[in-house]
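Numbered from 1 within each chain, the chains take letters A, B, ... in sequence-line order. All values reported here derive from a predicted model rather than from experimental measurement.
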Amino acid sequence: MGEKEWIVGIAEVKVARDPDRLVAYGLGSCVGVTLYDRWNKIGGLAHVMLPSSLPHGRVSTAGKYADTALEELLSSMASEGADLGRLEAKLVGGANMFSALSQQAVSIGMRNVSAVRDKLGEKKIAILGEDVGGVHGRTMLFFLGDGRVEVRKFNQPVEWI
Amino acid sequence: MSQEAKLLTEFQMDALKEIGNIGAGHAATALSQMVGKRIDMSVTKVQILPAESIAGFLGGIDRNVAAVHMPIYGEMLGVALIFFPVERLPQLSGMLIGRKEEEPAHLSELGQSAIKELGSILTGAYLSALFRMIHLQLIHGVPTLAIDMAQAILDSVLVELEQKDEIAIVIETSFLEDEKQLTGNFFLLPEADSLKKFLAAFSKSLGLPGNG
């Protein structure tokens with residue numbers, strides 16, 4: 001069979017297990033959040049677009065907002081058999097690619113990052129690694145065998161978190 | 001997918017291509033004046049694409065591009081994006097400022113502002129052609145430039161528009177300078193309500209019934 005690659009598109013949430021990998025291509029101001037259960041080698045990835053579902057009332061796409069995406073990710077991981085008490089998280093993305101256009105003091109990318117951090121704090125999930133902010137987009141590959149995340153950026157060496 | 005494909009009829013697509021050609025003609029004149037030599041421009045393709053297919057259209061999910069971004073205001077809200085392939089930036093800067101920049105990832109100030117100016121000329125020309133044909137008054141804001149992964153640029157624009165399922169109107173434009181050809185892609189991404197307005201204005205000006 002060999003390992004499979006699952007692509008997690010914008011506003012999507014997916015769960016997979018060893019030896020597969022979950023990939024989010026081209027994160028700009030979106031944030032990719034991984035949750036990993038190291039004992040059962042089950043992991044999930046959410047490709048979050050916006051910080052909060054609150055201004056939007058009833059939400060049709062849970063994966064779009066930090067708060068609802070993480071709830072969805074946790075319940076999908078639970079139904080795959082992950083131990084929710086032993087999860088670790090990593091965050092990638094939240095860039096501000098068109099820096100000149102951001103009139104707000106804090107870019108939407110960094111507001112996404114804070115919203116994800118807050119939600120993880122609320123769920124008492126530790127953040128083991130981050131590669132966030134800046135002005136460049138990122139592609140992330142999440143390996144379910146050991147929980148490592150490979151981060152690729154344009155014109156820069158590959159990094160692991 | 002078929003739903004997007006049918007947003008405009010073949011006749012309307014031809015009209016859109018005509019708008020593109022009028023715009024390209026004006027942009028070519030402005031550009032030739034700016035660089036002091038003759039530059040020809042023509043529209044090679046017009047398409048309506050769902051956002052998830054844009055990176056594929058530009059050559060793949062991990063493709064690197066130079067993108068000029070401009071907010072669109074007026075009777076319709078949205079974003080205009082002009083994409084150029086990164087590997088053609090030296091040729092493009094050669095055409096615009098008469099100096100080939102060797103490092104596409106680190107363009108000089110001058111090179112960057114020339115490419116932003118090109119984006120702004122193209123967008124202005126397309127918007128005024130749209131006004132003339134379908135009487136939708138649109139203006140563009142200040143251009144910004146990003147050189148990065150096409151998919152990440154789109155990702156940021158979708159966040160800005162707060163939409164996941166976005167439709168883009170694409171006008172592929174080819175530039176010709178001393179027999180050397182260069183292609184750029186103009187994308188207009190309207191906000192959801194604005195797309196309806198655009199299609200309605202389009203049908204009305206062509207004397208067609210509205211598109212549902």
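Around atom CD of A:E5, more than 12 heavy atoms belonging to other residues, nucleotides or ligands sit under 6.0 Å away. Within 6.0 Å of CG on A:D146 lie more than 12 heavy atoms contributed by other residues, nucleotides or ligands. Atom CD of B:E10 has 12 or fewer neighbouring heavy atoms from other residues, nucleotides or ligands inside a 6.0 Å radius.
Closest approach of A:F98 to B:A67, counting heavy atoms only: CE2-O, 4.0 Å. Counting all heavy atoms, side chain and backbone alike, A:K64 lies closest to B:Q163 at NZ-CA, 4.4 Å. Here the closest heavy-atom approach between residue B:A152 and residue A:R138 is recorded as CB-N, 4.5 Å. Scanning both residues, B:S156 and A:S29, for their nearest heavy atoms gives OG-N, 3.1 Å.
How far CE of A:M49 is from CD of B:E162: 7.5 Å, rounded to the nearest 0.5 Å.
For the set A:G9, A:C30, A:A11, the count of heavy-atom pairs under 4.5 angstrom toward chain B peaks at A:C30. In terms of heavy-atom pairs under 4.5 angstrom with chain A, the leader among B:V86, B:V157, B:V159 is B:V159. When B:I147, B:L154, B:L145 are compared by the number of non-hydrogen pairs under 4.5 Å with chain A, B:I147 comes out ahead.
Side-chain contact between A:I108 and B:E160 is absent, with no heavy-atom pair separated by less than 4.5 Å.
Both the backbone and the side chain of A:I10 come within contact range of chain B, with heavy atoms under 4.5 Å apart. Contact annotation for B:N64: only side-chain heavy atoms (C-beta onward) come within less than 4.5 Å of a heavy atom of chain A.
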- [ ] With side chain to side chain contact (heavy atoms under 4.5 Å, CB included) as the test, would you mind laying out the steps for A:Y25 and B:D155 before giving the verdict?
- [x] CA-CA 9 Å; A:Y25 281 101; B:D155 182 280; over 6 Å; no
